[in-house]
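One structure is given below, encoded as structure tokens.
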Amino acid sequence: MDFNADKPIKKLSDDKLGRRAFAEHLGKAIEEYNGKDGLVIGLYGKWGSGKTSIIKMIIDHINSQKPQETKSHVGDGIGETESQNGDNNTSPIVIEFSPWNYSDKSDLIRLFFLTVGNKICKNENEKIKKYKIGELFANYADAVDAFSIIPIAGKPVASILKAAVRFQGNQMLQKPDLDESRRNLETALNDAEQRMVVIIDDIDRLSNEQIRDIFQLVKKVGDLPYITYLLAMDREIVRKALEDVHNINGDEYLEKIIQIPFEIPMLKRETVEDILEEEFEKVCGENEEAEYDLNYFQLVKYNCLAPYIGTLRQVNRAINLFKFRYGYLKNETNPVDLLALTVLEVSEPELYRWIGINEEILIPLYTKSGETSLKEVCEKEFREIGLNTNIAMRCVATIFPAFAKNIGDETYQVMPLSVNGRGNQLRMAHSYNRFNLYFLFDLERCVRFKRSELNKYLYKSDAAELKGFLGEFAEPMELYHFVRELIPLFNRVSYDRLKIVVSALLDFLNENYLQETNASIDDDEEDEENAVDELMDEAIAFIEYEAWDAIIRLSNQEEKLDAIRYAIDKFDDLENLWDEIGDWLEGELEEDNGSNEETKRYYSEIKKLKERYDKKSI
């Protein structure tokens with residue numbers, strides 16, 4: 001089974017959401033800005049709105065405007081290239097800065113100037129070489145580093161300086177001071193007149209203190225001539241973070257920093273809906289026996305899918321879960337109902353849970369028209385759990401015709417179950433037995449653990465306690481639903497805790513669910529019979545995918561390498577995870593740009609992990 005990887009596109013030609021024109025226009029505006037002063041541009045968008053994809057398209061546009069490079073000569077078969085335009089190249093140099101690994105503000109400043117300097121040194125631009133701009137960035141980073149180790153006052157000054165000089169030699173004392181380093185850098189940038197664009201993405205994923213540091217870096221330290229900043233973030237998250245750490249109006253603070261704000265244009269509903277429909281048809285097309293009514297699909301699309309799907313990320317998450325469920329329920333369920341239920345689980349879980357525990361009013365043994373009190377009761381419950389009552393009522397009424405009749409509202413368009421065709425006989429509203437199939441492995445019915453218990457094991461328990469908790473699950477799908485509840489909480493967990501949780505989960509999976517234990521389902525119920533081996537494979541594949549996604553989201557390099565090293569040593573039998581590790585290692589080595597000591601150490605560890613991986617793969 002192939003899951004849809006939630007990765008940003010890299011080229012303008014990959015755009016499917018109609019945002020190419022916006023990215024090209026913004027890229028052109030950045031490229032054509034010819035002012036001497038620094039500039040700060042804000043790119044605002046909600047989580048999952050495609051900020052990173054737009055950034056990649058902007059970079060693609062800027063790079064596509066640069067003059068083509070040609071081979072200057074061919075000697076021993078290796079072509080060497082040089083730019084045709086030399087000093088006349090007015091295209092900006094694009095630098096992506098990822099502010100993830102730093103300990104304090106001084107470390108952030110040093111990391112910034114060191115990163116920019118290293119990337120500039122690799123550029124073939126003649127102006128950059130002539131004015132030694134890369135070296136001047138590195139010098140400023142060294143000056144910041146030296147300055148940061150000196151206390152403001154007191155007796156420790158002499159001893160620290162002596163220790164530093166013994167460690168680094170007299171060169172430390174020969175380096176320019178902080179102010180002089182900055183003046184030299186500003187002079188070179190003014191003389192070169194070479195514009196640079198520094199892109200900082202995912203600012204909203206940083207801690208509140210880190211967000212504050214980034215903005216202080218951009219405003220006070222990084223305010224240099226001919227440098228444009230493009231900062232991508234969720235405005236609301238960053239605003240609240242700045243208010244928490246500064247106790248000021250976050251909007252006013254942003255207005256002082258961001259000179260040109262851009263809001264990512266809202267996606268057309270039709271575009272997202274079309275992509276969802278396309279993916280749905282692709283999955284159903286793999287099943288020759290798939291049958292559903294197109295008119296019913298359009299009703300469900302309008303009333304149940306469109307209100308709850310707004311981003312491509314939501315589409316990918318819903319389709320991934322739908323593929324998984326449809327794989328083992330395809331012959332016993334209506335794919336349209338299954339898709340609707342899946343979208344609700346991903347985007348409106350409260351309504352999903354409400355449906356799952358209210359079959360007695362959704363599929364009554366007999367119907368009564370005009371029972372308005374039922375409508376009032378349901379609307380009250382929807383308000384209490386934070387739902388939009390009109391949208392929720394319309395969604396539920398669309399899927400359950402008897403419910404629509406019983407609430408006494410004839411404005412809802414519904415498709416009665418009397419319509420011919422096997423697809424309609426498989427609808428969730430057909431009978432209690434059919435309804436229960438859709439919730440065969442529902443969390444509330446199978447696992448029945450409290451959120452307080454989940455929080456205990458997520459935030460407090462050690463690996464042994466967590467594995468013991470996992471051992472209480474009797475079926476593969478119980479573990480699957482536990483993971484489905486766990487994944488959304490990962491962003492709230494510290495790196496140390498996340499490593500423990502992921503390691504314990506994979507440990508347990510490796511030790512238990514690859515064996516033929518706990519693999520049976522209830523054979524007494526005819527409707528619940530499935531190919532056990534296939535069910536196990538699908539459950540394990542999904543859990544591996546989510547676990548790997550959690551590992552990759554570790555922003556600290558050492559934490560990520562530790563998790564991958566642990567996985568290589570322990571989980572070579574988990575094929576999907578094993579393949580993901582191999583692909584990631586190869587991809588990282590292709591990007592090897594070990595130009596400074598920190599980067600060299602990182603890629604050295606990657607190479608060691610690749611050797612260990614290859615050795616175990618034999």
Any [X] side-chain heavy atom under 4.5 Å of [Y] side chain:
| X | Y | value |
| --- | --- | --- |
| Phe97 | Ile199 | no |
| Leu321 | Val346 | yes |
| Ile93 | Ile128 | yes |
| Leu206 | Pro99 | yes |
| Arg19 | Ile54 | yes |
| Phe113 | Asn139 | no |
| Ile237 | Ile203 | no |
| Leu312 | Val272 | no |

Please check if the side chain of [X] supplies one atom and the backbone of [Y] the other of a donor-acceptor pair under 3.5 Å.
| X | Y | answer |
| --- | --- | --- |
| Arg195 | Tyr33 | yes |
| Gln210 | Ser207 | yes |
| Glu279 | Ile275 | no |
| Gln194 | Ser91 | yes |
| Lys119 | Glu96 | yes |
| Lys51 | Lys46 | yes |
| Thr115 | Leu111 | yes |
| Asn118 | Leu114 | yes |

Minimal non-hydrogen separation, [X] against [Y], with atom names:
| X | Y | result |
| --- | --- | --- |
| Ile581 | Ala567 | CD1-CB, 3.7 Å |
| Asn208 | Ala241 | OD1-CB, 3.2 Å |
| Leu589 | Lys607 | CD2-CG, 3.6 Å |
| Gly27 | Ile58 | CA-CG2, 3.9 Å |

- Query: When you look at Glu586 and Lys610, which way does the side chain to side chain contact (heavy atoms under 4.5 Å, CB included) test go after all the steps?
  - Reply: CA-CA 8 Å; Glu586 290 182 4; Lys610 185 64 167 61; 3.6 Å; yes
- Task: Mind running side chain to side chain contact (heavy atoms under 4.5 Å, CB included) on Thr311 and Gln314 for me, showing each step along the way?
- Result: CA-CA 5 Å; Thr311 68; Gln314 289 176 317; 3.3 Å; yes
If you draw a 6.0 Å radius around [atom1] in [X], do more than 12 non-hydrogen atoms from other residues or ligands fall strictly inside?
| X | atom1 | answer |
| --- | --- | --- |
| Lys129 | NZ | yes |
| Asp569 | CG | yes |
| Lys240 | NZ | no |

- Query: Is there a side chain to side chain contact (heavy atoms under 4.5 Å, CB included) between Ile258 and Phe215 once you walk through the steps?
  - Reply: CA-CA 9 Å; Ile258 306 295; Phe215 279 96; 4.3 Å; yes
Quick check for you: to the nearest 0.5 Å, what is the distance between [X] atom [atom1] and [Y] atom [atom2]?
| X | Y | atom1 | atom2 | value |
| --- | --- | --- | --- | --- |
| Leu185 | Ile133 | CG | CD1 | 7.5 Å |
| Ile214 | Leu231 | CD1 | CG | 8.5 Å |
| Ser347 | Ile309 | OG | CD1 | 4.0 Å |
| Ser53 | Leu12 | OG | CG | 11.0 Å |
| Ile59 | Ser64 | CD1 | OG | 12.0 Å |
| Leu230 | Ile30 | CG | CD1 | 5.0 Å |

- Over 60° means perpendicular and under 30° means parallel, so classify the ring planes of Trp578 and Tyr613, tilted if in between.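 Correct class here is parallel.
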- Item | salt bridge (charged side-chain N to carboxylate O under 4.0 Å, His left out) contacts touching residues 242-254 (sequence neighbours left out) |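 Counting only pairs at least two positions apart or across chains, the salt bridge (charged side-chain N to carboxylate O under 4.0 Å, His left out) contacts touching residues 242-254 are Arg235-Asp251, Arg239-Glu243.
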- Query: Would Ile606 and Trp584 satisfy side chain to side chain contact (heavy atoms under 4.5 Å, CB included), going step by step from the backbone distance to the final call?
  - Reply: CA-CA 10 Å; Ile606 294 291; Trp584 184 83; 3.6 Å; yes
- Item | Derivation of the salt bridge (Lys or Arg N to Asp or Glu O under 4.0 Å) call for Arg212 and Glu209 | CA-CA 5 Å; Arg212 173 201 60 198; Glu209 290 74 17; 5.9 Å; no
- Message: When you compare the side chains of Thr52 and Asp201, does any donor N or O come within less than 3.5 Å of an acceptor on the partner?
- Response: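 Side-chain D/A pair, Thr52 to Asp201: present.
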- Query: With Gln259, which of Thr228, Val40, Ile41 fulfils side-chain contact (heavy atoms from CB on, under 4.5 Å)?
  - Reply: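 When side-chain contact (heavy atoms from CB on, under 4.5 Å) is applied between Gln259 and each of Thr228, Val40, Ile41, only Val40 qualifies.
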- Task: Considering only NZ, NE, NH1 and NH2 on the basic side and carboxylate oxygens on the acidic side, decide whether Lys28 and Glu24 come within less than 4.0 Å.
- Result: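 No salt bridge links Lys28 with Glu24.
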- Query: Charged N to carboxylate O below 4.0 Å: is that the case for Asp179 and Arg183?
  - Reply: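 Salt bridge: no.
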- Item | Residues Arg565, Asp562; criterion salt bridge (Lys or Arg N to Asp or Glu O under 4.0 Å); working and verdict | CA-CA 5 Å; Arg565 186 180 297 110; Asp562 284 346; 2.7 Å; yes
